[in-house]
Amino acid sequence: MQVRSKMGSNCGGSPNWSDWSEPVVWGSNNSTEVDCLVVHLKYVSCSWNKQGTPGVNYTFYSRFHNDKEFLYCTDYVSENNVNVGCNVPYDKLIEKRFETYFTKLVDGSRTDQASGVPQKHNLKDKVLLAPPVNLTVKNESDSNLWFYWNQTYSNCVDSEVRFRTNNNNWETSKVSTARQSFCINLPSSNSRYEMQVRSKMGSNCGGSPNWSDWSEPVVWGSHNSTDNTQKNLISVWTPVLYVVGVITLIILVMMLLHYERLRIILIPVVPKPSLNHRDMENWFQSSKGLNFEDFKANYNERACPVREYCQVSQSDSESSGGSTCSVTTNQTDCSVSIPVNESEDVSTPCSTSTSSITDSSEKELHISV
């Protein structure tokens, strides 16, 4: 259906009709409906697969009210090789979204752009922001726990924070427009705090009911991790570190074995010396004038008889019948004399003969061994 208008006769009529309005279609030929969202105030994302993947590969055209002509889509979203959506970037969408947005689907088998029927969209309240970024949590000097984040066009954004303690149920708290921080009073150092935030376009900038997804959580407390990205990096690098450690250990063992083998080749082990009679006999045979038998140990000693001399005075000798006590031996060079008087010199070794009694008045004891 289309409509046109002209000035009525009750107001001084005019025969000039306006142009026909944009057509509005209802019925079996209007089964493909287009839904559009302004994503993070960077581009308009439209889709037409709400009722399933269409059987026709459509070509998408779109324009804002103040644009002169429809723009052809250059960034399609496909599903099973069928176009089901399109992303159209625009500048200054925070302002242009207040204009009426027109879309048109044309059967891909047709080349005539005019064959499509335009659809109108109001994008003012169809803004979907991306989750906040750069989340941090700090225990400030006032002993309170502060949670910070960043969001595009912060002056136009409402935020909502949720937190939980020790993995209990989530608690939700609204944050006033343009504020990008949240405070938990006097946190317990023995508790674990986990926090997330999401955003939407505030009413002071043409509000939207569409909340962004929840941000990545940040954690503070007994299992302290003020940066969730760092926590994820550690979990990712843990298996890598294990693998590198095992490889390093294997390389060290291989180097140690190679070095030990090389050391044995370059510096042979010196054998421990041992006594070998056969080798000694060979050595003596090669050395002139040496007799191996002379080097053998002899544990048999010859018996050496003892010869003792007793000296007595002449009067004692006459009374005793002139007898002398002596013990003699025929061995040579085995005598030791032990003087009775320390003032006398040690006697020389005895010869092979019987000793006589000296005229000395002093007594001497000679012991030959």
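There is no side-chain donor-acceptor pair under 3.5 Å between S215 and Q196. No hydrogens or angles considered: a donor-acceptor pair under 3.5 Å links the side chains of S45 and N87. With 3.5 Å as the limit, one finds a donor-acceptor pair spanning the side chains of S199 and Q151. No donor-acceptor contact under 3.5 angstrom links the side chains of T103 and Y61, judged on distance only.
Between the CG atom in N49 and the OG atom in S47 there is a gap of 5.5 Å [rounded to 0.5 Å]. The line from NZ of K92 to CG of L41 is 14.0 Å long, rounded to the nearest 0.5 Å. If you take CG on L123 and CD on E99, they are separated by 10.0 Å, rounding to the nearest 0.5 Å. If you take CG on L128 and NZ on K200, they are separated by 12.5 Å, rounding to the nearest 0.5 Å. The CG atom of D107 sits 8.0 Å away from atom OG1 of T59, with the distance rounded to the nearest 0.5 Å. With rounding to the nearest 0.5 Å, the separation of CH2 in W170 from CH2 in W214 is 8.0 Å.
Screening residues 172-204 for disulfide bond (SG atoms under 2.5 Å apart) gives no qualifying pairs among residues at least two apart or on separate chains. Listed by first then second residue, pairs satisfying ring-ring contact (aromatic ring centres under 6.0 Å, His included) with a partner in residues 137-156 read F147-W149, not counting sequence neighbours.
For K120 and F102, the positive end is not near the middle of the six-membered ring at less than 6.0 Å and at most 45° from its axis. At least one test fails for R192 against the ring of W220: distance under 6.0 Å to the centre or angle within 45° of the axis.
Applying the 6.0 Å contact sphere to CG of D91 captures no more than 12 heavy atoms from other residues, nucleotides or ligands. Within 6.0 Å of CG on N81 lie no more than 12 heavy atoms contributed by other residues, nucleotides or ligands.
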Test Q119 against E33 for side-chain contact (heavy atoms from CB on, under 4.5 Å), laying out the working first.
CA-CA 8 Å; Q119 299 181 38; E33 183 180 354; 4.3 Å; yes
For the pair K104 and V117, evaluate side-chain contact (heavy atoms from CB on, under 4.5 Å) and give the outcome as yes or no after the intermediate values.
CA-CA 6 Å; K104 185 165 55 174; V117 179; 5.9 Å; no
With side-chain contact (heavy atoms from CB on, under 4.5 Å) as the test, would you mind laying out the steps for V137 and L145 before giving the verdict?
CA-CA 7 Å; V137 58; L145 192 63; 3.6 Å; yes
Kindly determine whether Y72 and F60 satisfy ring pair (Phe, Tyr, Trp, His ring centres under 6.0 Å), including the steps that lead there.
CA-CA 6 Å; Y72 173 78; F60 180 79; 9.5 Å; no
Let me see the working for V175 and E160 under side-chain contact (heavy atoms from CB on, under 4.5 Å), right down to the final yes or no.
CA-CA 6 Å; V175 180; E160 185 178 54; over 6 Å; no
Please lay out, stage by stage, how C73 and C86 fare under the test disulfide bond (SG atoms under 2.5 Å apart).
CA-CA 6 Å; C73 178; C86 179; 1.9 Å; yes
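Between M195 and V218, the closest side-chain pair of non-hydrogen atoms falls below 4.5 Å. With contacts defined as side-chain heavy-atom distances shorter than 4.5 Å, the pair L37/V127 does not qualify. Taking 4.5 Å as the limit, every side-chain heavy atom of R198 sits out of range of all side-chain heavy atoms of R162.
Considering every non-hydrogen atom in both N155 and T177, the closest pair reads O-CG2, 3.7 Å. Here the closest non-hydrogen pair linking N169 and R164 is O-CB, 3.5 Å. Considering every non-hydrogen atom in both K42 and L93, the closest pair reads C-CD1, 3.5 Å. W211 and D158 get closest at one heavy-atom pair: CZ3-O, 3.8 Å. When all heavy atoms of N122 and D125 are compared, the closest pair comes out as O-OD1, 3.5 Å. In plain terms, the two heavy atoms of T32 and Y58 that are nearest each other are OG1-OH, 3.2 Å.
Using a 4.5 Å cut-off between side-chain heavy atoms of Ile, Leu, Val, Met, Phe, Trp and Tyr, with links allowed through other members, L71 and V38 fall into the same hydrophobic cluster. Using a 4.5 Å cut-off between side-chain heavy atoms of Ile, Leu, Val, Met, Phe, Trp and Tyr, with links allowed through other members, V88 and V34 fall into the same hydrophobic cluster. Neither V56 nor V84 shares a network with the other; the hydrophobic side chains, linked directly or stepwise wherever heavy atoms of I, L, V, M, F, W or Y lie under 4.5 Å apart, form separate groups for each.
Under a 4.0 Å N-O distance rule, the pair E95/R97 does not qualify as a salt bridge.
Ring geometry for Y101 against Y90 counts as perpendicular: the plane angle is over 60°, on a 0 to 90° scale with 30° as the lower cut. Using the six-membered ring where Trp is involved, F182 and F163 have ring planes that are tilted, between 30° and 60° apart.
No side-chain donor-acceptor contact under 3.5 Å links H121 to the backbone of C36. The main-chain N or O of N144 is found under 3.5 Å from a side-chain atom of D142 such that the two form a donor-acceptor pair.
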